[in-house]
Amino acid sequence: MICTRHQQASSDPRHPAPLDIRAVPELTQAHLRARRPATPVSLSWASTITTRWYDHHQHLHERWHTRLGRLTTANPHIPPGPATPTLTCRNLITYPETLTLATALDRLPPQLASRLQLPRLAPADHDLLWKRLHTR
């Protein structure tokens, strides 16, 4: 999905060309920081959780909104239409936090909030993160 050498990413098959991610260096940094890949189970949980957060404007909404703006400005070829960049770029926008969360879920440290750069982490009992933390 991300090519650090060419600073490009593929987020959705509806995009006519790879996306230029030079304006969003945290995507490449997150990719390079992942020393060992997260387990598929944790990556799936993390992706589901960050997707829910993104869709419901929870926790990291301002950071993701800023990141989306930089990505769409750098890629004017992203087609407008019913599938907006908000939807088609969602996985890229949440990518750094998804990797961080997946790694944390593999280890579940007590400082999860600080690793996600949140002031505190208090998910509601219907939040998928809460459910994952309590199914161990």
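Hydrogens, waters and symmetry mates are skipped; everything else that's a heavy atom, side chains included, is used.
What you find for I78 and C89 is that their closest heavy atoms are CD1-SG, 4.1 Å. Closest approach of P96 to R67, counting heavy atoms only: CD-NH1, 3.4 Å. Nearest heavy atoms, L27 versus Y95: O-CE2, 3.8 Å. Nearest heavy-atom pair across T72 and P85 is CG2-CB, 3.5 Å. Of all heavy-atom pairs spanning A102 and A46, the tightest one is N-CB, 3.5 Å. A38 approaches T103 most closely through the heavy-atom pair CB-N, 4.2 Å.
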Derivation of the side-chain contact (heavy atoms from CB on, under 4.5 Å) call for V24 and I93:
CA-CA 9 Å; V24 194; I93 298 305; 6.0 Å; no
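For the pair D106 (side chain) and T39 (backbone), a donor-acceptor distance under 3.5 Å is present. Although no hydrogens or angles enter the test, the distance criterion places no donor-acceptor pair under 3.5 Å between the side chain of S44 and the main chain of P40. In terms of modelled atom types and a separation under 3.5 Å, the side chain of T51 and the main chain of S47 share a donor-acceptor contact.
Taken to the nearest 0.5 Å, the CD1 atom of I2 stands 7.5 Å off from the CG atom of L99. The structure places CG of N75 at 9.5 Å from CZ of R22, a figure rounded to the nearest 0.5 Å. Taking CG of L87 as the reference point, atom CG of D12 lies at 7.0 Å (rounded to 0.5 Å). Atom OG1 of T4 is separated from atom CD of Q29 by 12.0 Å, given to the nearest 0.5 angstrom. Taking OG1 of T98 as the start and CG of N91 as the end, the distance is 7.5 Å to the nearest 0.5 Å.
Between E26 and R70, at least one side-chain N (NZ, or NE/NH1/NH2) sits under 4.0 Å from a carboxylate O, which counts as a salt bridge.
Donor-acceptor pairing under 3.5 Å is recorded for the side chains of W64 and E97.
Annotation: side chain of L68 is in contact with side chain of Y54 (closest heavy-atom distance under 4.5 Å). Annotation: side chain of L71 is not in contact with side chain of D20 (no heavy-atom distance under 4.5 Å).
Atom NE2 of H65 has 12 or fewer neighbouring heavy atoms from other residues, nucleotides or ligands inside a 6.0 Å radius.
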